[in-house]
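Along the sequence shown, residues carry numbers from 1. Every value quoted in this text rests on a predicted model; they were computed, and no experiment measured them.
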Amino acid sequence: MMKDNYAISRGRMVSTQIINRGISDERVLEAMRKVPRHRFVEEAILHQAYNDHPLPIGEKQTISQPFIVAFMTQSLELTGEEKVLEIGTGSGYQAAILAELAYSVYSIERKSVLAKMAKDVLQSLNYYNVYIKIGDGTHGWRSEAPFDCIIVTAASPDVPLALKEQLKDGGRLVIPVGDQCNQKLMKITKKGRNYKVEELLMCRFVPLIGKYGFQDER
Ligand code: SAM
């Protein structure tokens with residue numbers, strides 16, 4: 001009964017918050033209908049799991065708004081074959097969506113408590129193509145590079161060079177760039193030795209803290 005209630009909430013979330021705002025990639029919509037977002041939030045706020053906003057996940061961090069997850073995912077243009085790098089595992093929800101749509105997902109989280117919780121929930125949901133490590137994601141994941149796609153789910157003052165370098169030719173990087181209050185979501189596509197840069201939308205993320213990000217949390 002509980003399960004059905006959540007499926008209905010997920011369907012409503014997809015039609016009202018995501019399709020209504022222009023997301024049209026059927027594979028992304030299907031993943032958003034499938035992944036049980038309520039499993040990635042704390043018990044006390046379960047009833048808010050499918051609401052149209054970010055939610056706290058502990059350690060002063062958040063699980064992103066469903067629309068932003070869908071928008072960033074669609075921007076990566078996944079077909080199912082890709083090796084994807086995510087910076088900022090957080091709850092593991094975005095990683096689960098990516099795991100539905102790509103071949104493998106490598107995700108880095110700097111907070112060990114969050115990395116452990118995400119690992120546990122992803123394992124309990126049988127996502128065996130997600131690999132999580134604890135560390136500063138502003139360096140990327142050199143031993144696993146190159147990646148078809150990189151998604152950064154925290155706000156960066158700039159685009160870390162290591163991430164650009166770890167993209168395959170034709171690869172896509174999506175990253176919020178700006179100050180700690182407001183950012184522009186940027187899409188960077190590697191084309192040979194050049195990069196095509198697009199500004200997608202304004203957004204607001206918690207900061208990317210690291211050597212090539214912000215130096216400390218406010
Ligand atoms: N993608 C997440 C999800 O689906 O729940 C939401 C990510 S939350 C908005 C941003 C995350 O980035 C936080 O968990 C934060 O600890 C992490 N973070 C910040 N700086 C980082 C860094 N340099 N390397 C890795 N993770 C970082």
Side-chain angles (χ1 to χ4, degrees), residues 2 6 10 31-32 34-51 53-66 68-70 72-73 83-100 102 104-145 147 149-157 160 162-163 166 174-176 179-181 183 203-218:
M2 194 80 151
Y6 285 122
R10 264 196 307 285
M32 300 289 298
K34 180 173 171 193
V35 176
R37 184 172 162 92
H38 62 278
R39 295 287 306 276
F40 296 85
V41 305
E42 290 166 2
E43 192 94 25
I45 51 169
L46 269 184
H47 59 288
Q48 296 185 53
Y50 296 97
N51 288 1
H53 50 74
L55 289 168
I57 54 170
E59 302 283 312
K60 294 197 279 183
Q61 305 303 319
T62 53
I63 176 175
S64 305
Q65 179 193 24
I68 279 287
V69 173
M72 291 176 85
T73 307
K83 183 174 186 180
V84 180
L85 174 65
E86 178 192 27
I87 311 301
T89 316
S91 68
Y93 176 69
Q94 172 76 73
I97 296 286
L98 295 169
E100 291 284 341
S104 56
V105 181
Y106 291 77
S107 187
I108 308 177
E109 170 56 53
R110 70 183 276 269
K111 304 252 183 190
S112 55
V113 179
L114 295 179
K116 163 118 188 39
M117 285 197 305
K119 221 179 235 181
D120 289 348
V121 67
L122 288 164
Q123 212 162 50
S124 75
L125 292 169
N126 299 328
Y127 285 110
Y128 298 121
N129 58 341
V130 181
Y131 308 93
I132 295 177
K133 85 167 177 182
I134 298 162
D136 175 4
T138 66
H139 297 279
W141 193 327
R142 211 163 282 282
S143 61
E144 289 296 339
F147 297 95
C149 293
I150 302 179
I151 177 169
V152 182
T153 61
S156 182
L163 301 186
Q166 290 176 30
V174 176
I175 178 170
D179 58 30
Q180 291 201 31
C181 293
Q183 306 95 36
C203 53
R204 185 167 192 174
F205 278 84
V206 294
L208 181 74
I209 309 286
K211 180 145 190 225
Y212 303 107
F214 291 102
Q215 298 314 300
D216 43 37
E217 281 167 287
R218 278 204 178 152

Fill in the blank from the handout: Rounded to the nearest 0.5 Å, the CD atom of Gln166 sits from the CG atom of Leu85 at a distance of 7.0 Å

Handout entry: Any donor-acceptor pair under 3.5 Å from Glu42 side chain to Ala44 backbone
Key = no

Practice task
Using the side chain to side chain donor-acceptor pair (under 3.5 Å) rule, take Thr89 and Gln94 through it: C-alpha gap first, then chi angles, then the decisive distance, then the call.
Solution key: CA-CA 7 Å; Thr89 316; Gln94 172 76 73; over 6 Å; no

Practice task
Working to the nearest 0.5 Å, report the span between OG of Ser107 and OH of Tyr131.
Solution key: 13.0 Å

Handout entry: Main-chain N/O of Ile87 paired to Thr153 side chain as donor or acceptor, under 3.5 Å
Key = yes

Problem - Non-hydrogen side-chain atoms of Ile151 and Leu98 separated by less than 4.5 Å - result: yes

Practice task
Spell out, as yes or no, whether a donor-acceptor pair under 3.5 Å connects the side chain of Glu109 to the backbone of Gly90.
Solution key: yes

Problem - Under 3.5 Å donor-acceptor, Gln215 side chain and Ile209 backbone - result: no

Exercise for the section: Can you see which heavy atom on Arg142 is nearest to which on Ala162, and at what distance? Expected result: NH2-CB, 3.8 Å

Completion exercise
All heavy atoms of Ile175 vs all of Pro160, minimum pair found to be CD1-CD, 3.7 Å

Exercise for the section: Classify the side-chain pair Asn126/Tyr128 by whether it contains a donor and acceptor separated by less than 3.5 Å. Expected result: yes

Exercise for the section: Might you point out which heavy atoms bring Asn129 and Ala102 nearest each other, and give the distance in Å? Expected result: ND2-O, 3.7 Å

Handout entry: Val84 side chain near Ile150 side chain, heavy-atom distance below 4.5 Å
Key = no

Practice task
Would you indicate whether the side-chain heavy atoms of Arg110 and Asp136 approach each other to under 4.5 Å?
Solution key: no

Exercise for the section: Taking the side chain as every heavy atom from C-beta outward, state whether Phe147 and Val105 have any atom pair closer than 4.5 Å. Expected result: no

Practice task
In sequence, state the C-alpha distance, the side-chain angles, and the governing distance for Lys211 and His139, and then conclude on side chain to side chain contact (heavy atoms under 4.5 Å, CB included).
Solution key: CA-CA 8 Å; Lys211 180 145 190 225; His139 297 279; 3.8 Å; yes

Practice task
Under the side chain to side chain contact (heavy atoms under 4.5 Å, CB included) rule, what do Phe40 and Val35 come out as? Steps first, then yes or no, please.
Solution key: CA-CA 10 Å; Phe40 296 85; Val35 176; 3.9 Å; yes

Problem - Any donor-acceptor N/O pair, Glu100 side chain to Ala96 backbone, under 3.5 Å - result: no

Completion exercise
Rounded to the nearest 0.5 angstrom, the CD1-CZ distance for Ile97 and Arg37 is 8.5 Å

Handout entry: Donor-acceptor under 3.5 Å (Gln61 side chain, Pro56 main chain)
Key = no

Fill in the blank from the handout: Here the gap from Arg204 atom CZ to Ile68 atom CD1, rounded to the nearest 0.5 Å, amounts to 13.0 Å

Practice task
Measure the shortest side-chain to side-chain distance between Val69 and Tyr93 over non-hydrogen atoms and say whether it is less than 4.5 angstrom.
Solution key: yes

Handout entry: Evaluation steps, side chain to side chain contact (heavy atoms under 4.5 Å, CB included), between Leu208 and Thr138
Key = CA-CA 8 Å; Leu208 181 74; Thr138 66; 3.5 Å; yes

Handout entry: Stacked cation flag Lys133 on Tyr106, 6.0 angstrom / 45 deg
Key = no

Handout entry: Leu163 to Gly140 - nearest heavy-atom pair and separation
Key = CD2-CA, 3.6 Å

Practice task
Would you please test Ser124 and Arg39 for side chain to side chain donor-acceptor pair (under 3.5 Å) and show each step?
Solution key: CA-CA 10 Å; Ser124 75; Arg39 295 287 306 276; 2.9 Å; yes

Exercise for the section: Work out which heavy atom in Gly58 is nearest to a heavy atom in Leu114; give both atom names and the distance. Expected result: O-CD2, 4.2 Å

Exercise for the section: Could you tell me how the ring of Tyr6 sits relative to the ring of Tyr50: parallel (under 30°), tilted (30 to 60°) or perpendicular (over 60°)? Expected result: tilted

Handout entry: Check: Gln48 and His53 side chains under 4.5 Å, non-hydrogen atoms
Key = yes

Handout entry: CZ/Phe214: more than 12 non-hydrogen atoms of other groups inside 6.0 Å
Key = yes

Handout entry: Distance (rounded to the nearest 0.5 Å) between Ile108 CD1 and Ile132 CD1
Key = 11.0 Å

Practice task
For the residue pair Ser91 and Met117, establish whether any side-chain heavy-atom pair is separated by less than 4.5 Å.
Solution key: no

Handout entry: Over 12 non-hydrogen atoms of neighbours within 6.0 angstrom of NZ in Lys34
Key = no

Practice task
With the side chain counted from C-beta on, respond yes when Pro176 and Cys203 share a heavy-atom pair under 4.5 Å apart, and no when they do not.
Solution key: yes

Handout entry: Atom pair NE2/CG of His38 and Leu55 - distance to nearest 0.5 Å
Key = 13.5 Å

